[in-house]
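As structure tokens, the structure follows; a few thoughts come after it.
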Amino acid sequence: MLQRQTTGLRPLTTAHLAQTMTLLSLTTEELQQEIDSELASNPALEMVEERRCPTCHRLLTDPGKCPVCSLPANLNSEEPVVFLSPREEFISRKDYVDNTMDDEPFAPEVEELPAYVLKQIAPDLDPNQRALAAYLLTHLDEDGLLTTTLIEVSRYTHVPISEVEKVKRLIQLADPVGVGSSTPQEALLVQLEVLKETHDTVPAAAERCIREGMDQLSHHQYPELAHKFDVPVKQITLAAQFISENLYPFPARAHWGDMRQPAHEETQVYHQPDILINYLNDDPTKPLIVEIIMPISGTLQVNPMFKQAIKEASPETKPDLKGDLEKASLFVKCLQQRNHTMERLLMRVVSLQREFILHGEKYLKPVTRAQISREMEVHESTISRAVANKAVQLPNRRIVPLSEFFDRSLNIRSVLKEIIEGEPKPYSDSDLVELLSENGFNVARRTVAKYRAIEGILPAHLRKAMAKGK
DNA sequence: CTATGGCACGGATT
DNA sequence: AATCCGTGCCATAG
């Protein structure tokens, strides 16, 4: 008995820390799930009715005053206003995906992709193959790409690889074409193949570009490709245009503009922002309003009735109920702590990076998480967790990861881009070192090259070729 | 000979 | 403790 009590209490303190840390690193959406499940499983937890600001109708987390309306009317402070903004209409990512699914040409109903594909190819399969196909189709990611390797599939299902390949091939040819490929590259090739049969306008260089020059292709490094294959740049750009207009590296996605980002898989594309930054009333002369989105619309608290109920509970159920109570108050506490940390963090970061938020990447100050942690007197890892996996919507509607606020070189890269964009003649890397130092940035020649690579900017001699080509 | 990319090392950051 | 980033040195291409 005594044993049980101590083991029941001890972990609580460590649990507190652990839980706070996990909550901190969660995105709004994940937090919503966490709260939902906690709310459902723990009777001691309750959500009090929503409160709205009487004037602006904004949902409030605190019973107190509305953080926006209570501002002095003629506020002109440089300091941002940071507050939690509860969102009942917060769209979870799932909903978001479902919505886009409706627009997809290949989903007549709410049918799942695997089922949809299987239906198409089922007639051509014998029962064994069908099982194999089903297995393969359950290992697709949301982009329609295969998440396992053929070898693994073969090992797991005890089917020879050649057979697996056959079935995979059938899947790839089904609609959406290319689904079930292992890489975007493979998907593109299959699509190209199919298109060739019907269209005769497929650029000759397209296949080679995908097969041998995928890397350069995704970086827009056309002159390099032209050089590699020893063909005119024109041909390459034509092929690239064709590819970006007609092919989809991620078969399950509705569309894909141009070949900019997908160089590395899982590029964080459209994120639900976890934090919104805007001008008050969209007026650029007003201070910045920072909303940290909370996925719920009321205030979470321990149910007072539950405390009462415990006193009257029978001795057998009492310990259980008490446990629930502990858990509930712990959860509320952790949540508050998370929110508090986020508020302080955002307050500090936004006022530090005001120029960046207002005027763009050029003005980003290189700040490290460590610095902020010292100022806030919390552990570095706390900041790391708070920053991780969060997305911010800036006043110009761009959604960027919160970690971008801590990018040490973004400002230099931005200036670099600017210089190159307006350059009369292609500057060499060492020229660029000069020009950058005039702007107050001292970096090594080698580093300029690295930045160029990051930004996908071609080396000088190739930029020259590009200019001529146009 | 000049301009770049690759590799690898050390120090900072997470 | 693991990872990222800036840099120097060297090989290679033009």
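All chains are named by letter (A, B, ...) in the order of the sequence lines, taking the proteins before the strands, and each is independently numbered beginning at 1. It should be emphasised that the depicted structure is a prediction, and the values quoted were computed from it without experimental measurement.
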**Report entry** A:Ile454 CD1 - C:dC4 P separation (whole Å)
**Finding:** 12 Å
Requested in this report: Take the protein atom CG of A:Leu402 and the nucleotide atom C1' of B:dT14, then report the distance between them rounded to whole Å.
Outcome: 14 Å
Requested in this report: Assess the side chains of A:Gln172 and A:Glu186: does a donor N or O sit below 3.5 Å from an acceptor N or O?
Outcome: yes
Query raised in the report: With a 4.0 Å cut-off on heavy atoms, is A:Arg452 in touch with a base, just the backbone sugar-phosphate, or nothing at all?
Result: sugar-phosphate
Report summary line: From CG of A:Leu432 across to C1' of B:dT2 the rounded distance in Å is 15 Å
Query - Length of the CG-C1' vector between A:Asp407 and B:dT14, whole Å - result: 14 Å
Query raised in the report: In whole angstroms, how far is the C1' atom of B:dA12 from the CZ atom of A:Phe406?
Result: 16 Å
Query raised in the report: Do you see a donor-acceptor pair shorter than 3.5 Å between the side chains of A:Ser373 and A:Glu380?
Result: no
Requested in this report: Indicate whether OP1 or OP2 belonging to C:dG6 is found under 4.0 Å from a side-chain N or O atom of A:Tyr451.
Outcome: yes
Requested in this report: Using a 4.0 Å heavy-atom cut-off across all strands, classify A:Arg369 as base, sugar-phosphate, or nothing.
Outcome: sugar-phosphate
Requested in this report: Return the 5'-most residue of the pair A:Lys450, A:Asp431 with respect to DNA chain B, ranking by each residue's nearest nucleotide.
Outcome: A:Asp431
Query raised in the report: Which of these nucleotides, C:dG6, B:dT4, B:dC7, is closest to any side-chain atom of A:Arg446?
Result: B:dC7
**Report entry** Side-chain donor/acceptor of A:Arg445 to base of C:dG6, under 3.5 Å
**Finding:** no
Query raised in the report: When all nucleic acid strands are considered with a 4.0 Å heavy-atom cut-off, which category describes A:Ser384: base, sugar-phosphate, or nothing?
Result: sugar-phosphate
Query raised in the report: With a 4.0 Å cut-off on heavy atoms, is A:Ser409 in touch with a base, just the backbone sugar-phosphate, or nothing at all?
Result: sugar-phosphate
Query raised in the report: Starting at CD1 of A:Ile457 and ending at P of B:dG5, how long is that distance when rounded to a whole Å?
Result: 12 Å
Query raised in the report: Between A:Thr447 and C:dT7, does any side-chain N or O lie under 4.0 Å from OP1 or OP2?
Result: yes
**Report entry** Contact check, side chains of A:Val159 and A:Ser154, non-hydrogen atoms, under 4.5 Å
**Finding:** no
Query raised in the report: What is the distance from CG of A:Leu462 to C1' of C:dA13, rounded to the nearest Å?
Result: 11 Å
Query raised in the report: With a non-hydrogen cut-off below 4.0 angstrom, is A:Val387 in contact with a base, only sugar-phosphate, or nothing?
Result: nothing
Query raised in the report: Where the side chain of A:Ser428 is concerned, which of C:dT7, B:dA3, B:dT13 is the nearest nucleotide?
Result: B:dA3
Requested in this report: Would you mind reading off the distance between A:His461 atom NE2 and B:dT4 atom C1', rounded to a whole angstrom?
Outcome: 7 Å
**Report entry** Polar side chain donor-acceptor pair, A:Ser182 to A:Lys168, under 3.5 angstrom
**Finding:** yes
Report task. Measure the acute angle between the ring planes of A:His139 and A:Tyr135, then classify it against the limits of 30° and 60° as parallel, tilted or perpendicular. Result -> tilted
